[in-house]
Enquirer: 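Dropping a structure here in structure tokens format, bear with me for questions.
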Amino acid sequence: MAFVSPRTISKAATLRDSILFVLSLAAMLWLVLRGAGQMGYSWHWQRVPGYLFTLEEGRFIAGPLLQGLGMTLAITSISMVVAGLIGLLTALLRLSASPVGRGLSRIYLEIIRNTPLLVQIFCFYFIMAPILDIGRMTTAVLALSLFEGAYASEIFRAGILSIHRGQWEACHSLGLTRWQGYRHVILPQAIRRIMPPLTSQAISLIKDSSLVSTIAVYELTMQGRAIIADTYLSFEIWAVVACIYLVLTVSLSILANTLKRRVHGAT
Amino acid sequence: MPLLPETNNLGFDRENMVKMRDVCKTYAGGVVALDHFSLDVRRGEVLVIIGPSGAGKSTLLRCLNGLELIDSGSIVIDGIPLDKNEANQLAIRRKIGMVFQSFNLFPHLSVQENINLAQRLVQKKSPAQANTITRDLLHRVGVLDKAMRYPDELSGGQQQRVAIARALALYPKIMLFDEATSALDPEMIGEVLDVMRNLAAEGMTMLVVSHEMGFAREVSDRVVFMEEGRKVEEAASAKFFTQPQQARTREFLSQIL
């Protein structure tokens, strides 16, 4: 019989796809190089490592780009936690019996989702920050958390609603309070289910954090802009900055996938 | 003079565990599930409720433990009225164990954790105390060897026996069974009915919605036949199956027996 096993097909397909992938990369690289050549761009890759880090007498000293990365990591990790909490709270309020809670969370959602993040950042920086007397870093974290929190709340809400009604009924009949039901039965299951969209949201957060460079928070993008303003190394520095973001976001997806495989009952 | 009055103004009743009077329940959309329904269940009694689908059998059970709110009428469970008072509602929920058609085990917890959860949260037992009770119950329902497994690793019959153990762990005074065997493969129905039979023999007050006529005839003390939210016929089980009074009951029995 002339059956081809799925494995053979997938091997052949993988080989063909890999060749296509390498060819596409080569074509893109060629386009960039040709463009730079036509512009008369002179490459100075040798200057780039100095902006990442320097070694003085064997001591490691972080350059502006790595310092910027540190700032980006600090802002995004704090914002992720705060956005998660805001998202969860908003979702619980929207699902609560209280009309006030539902109304407030709805207003918050609509305002955040229907205005541009950049405008929100400016509002926070020029209006809220002077009133509340908070620094640029806090403003950045607050604006990003409130923005991503709105999207996270929709993910939480969908996750909670996806849990079968019978789970609530079992909690109820066992005499658990509403909060105990959420804490021990509904949320543990919902969070496993929403890990993939929540990871996407965290990745969006990392990318959106570049917008706080507009209020002069010295994170990765801001450091890149500052270096380019001094040196005109726009091709090299933007390429390196993009690669650093890519490494961050890809590592986050891999981490999320590993976590997902470890927990039981993740469906 | 008796030491305790038969009833006082709270509606306490030494004889009856469940006392329903004129209970009405209409779902949004206008479906009448219970229509002036009254029912008394004595302590230790096993009551089987039968009837065609849509008769209000499940609603009856769900109203008793507050999963559904009644529109009018009154329910008193073991002397406590089921009303707007949240403390009363909680007290009643903790007196009643419920077993569902679809088991409703918690899929993210092991069998042992499923049964420990409410003991720890509701009764504030220590892990060791809870484990002792859990393992004893798992032994009684015959799934002790699965204590560390997760629900999706168990057969339907095993899952339902775990669900019964989970409800029993809180020492309920009443057990409600809502079509507990309807979702099971035929060869697994027997093992669940055996557990229910043992429970009845131990004197548990049980309200059982079921299509298992063999079980109803053999184990129950009384059978209620319902249709369209009303009680059509109610009789001691021996009499119910041998001498049904209503034409509608005879028709129903002839269809399912």
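Numbers restart at 1 for each chain; the letters A, B, ... are given by sequence-line order, proteins then strands.
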Enquirer: I need the residue from B:L90, B:L176, B:L117, B:I96 with the largest number of non-hydrogen atom pairs under 4.5 Å to chain A.
Expert: B:L117
Enquirer: State whether the side chain of A:Q180 and the backbone N or O of B:V122 hold a donor-acceptor pair below 3.5 Å, judged by distance alone.
Expert: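 Side chain of A:Q180 to backbone of B:V122, a donor-acceptor pair under 3.5 Å: no, none is there.
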Enquirer: Tell me, for B:L67 versus chain A, whether the close heavy atoms (under 4.5 Å) come from the side chain, the backbone, both or neither.
Expert: both
Enquirer: Can you tell me if CZ on A:R113 sees more than 12 non-hydrogen neighbours from other groups inside 6.0 Å?
Expert: yes
Enquirer: Treating B:H108 as the side-chain partner and A:R192 as the backbone partner, does any N or O pair qualify as donor plus acceptor under 3.5 Å?
Expert: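 No; judged by distance alone, with no hydrogens or angles, the pair does not exist.
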Enquirer: For a side-chain contact (heavy atoms from CB on, under 4.5 Å) check, start with the C-alpha distance between B:L121 and A:L174, then their side-chain angles and the critical distance, and finish with the verdict.
Expert: CA-CA 10 Å; B:L121 296 176; A:L174 288 170; over 6 Å; no
Enquirer: Check the pair B:R62 / A:E169 against side-chain contact (heavy atoms from CB on, under 4.5 Å), numbers first and verdict last.
Expert: CA-CA 10 Å; B:R62 295 164 63 86; A:E169 293 179 351; 2.7 Å; yes
Enquirer: Count the heavy atoms belonging to other residues, nucleotides or ligands that lie under 6.0 Å from OH of B:Y171, then report whether that count exceeds 12.
Expert: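 At most 12 heavy atoms, drawn from other residues, nucleotides or ligands, come within 6.0 Å of this atom.
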Enquirer: For atom CD of B:E202, decide whether the heavy atoms of other residues, nucleotides or ligands shown that lie under 6.0 angstrom number more than 12.
Expert: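 More than 12 within 6.0 Å, yes.
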Enquirer: Is there a donor-acceptor pair closer than 3.5 Å between any side-chain N or O of B:R93 and the backbone N or O of A:L176?
Expert: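 At least one qualifying donor-acceptor pair exists.
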Enquirer: Could you have a look at B:G97, B:S102, B:G66, B:A169 and say which one has the most heavy-atom pairs with chain A under 4.5 angstrom?
Expert: B:G66
Enquirer: Counting only heavy atoms from other residues, nucleotides and ligands, does the tally under 6.0 Å from CZ of A:R102 exceed 12?
Expert: yes
Enquirer: Check whether B:R94 reaches the backbone of A:G175 with its side chain - one donor and one acceptor, N or O, closer than 3.5 Å.
Expert: yes
Enquirer: Please round to the nearest 0.5 Å and tell me the distance separating atom CZ of B:F106 and atom CD1 of A:I186.
Expert: 7.5 Å
Enquirer: Can any side-chain N or O of A:H164 pair as donor or acceptor with the backbone N or O of B:N104 at less than 3.5 Å?
Expert: no
Enquirer: May I ask you to check whether over 12 heavy atoms, not counting those of B:R21, lie within 6.0 Å of atom CZ?
Expert: yes
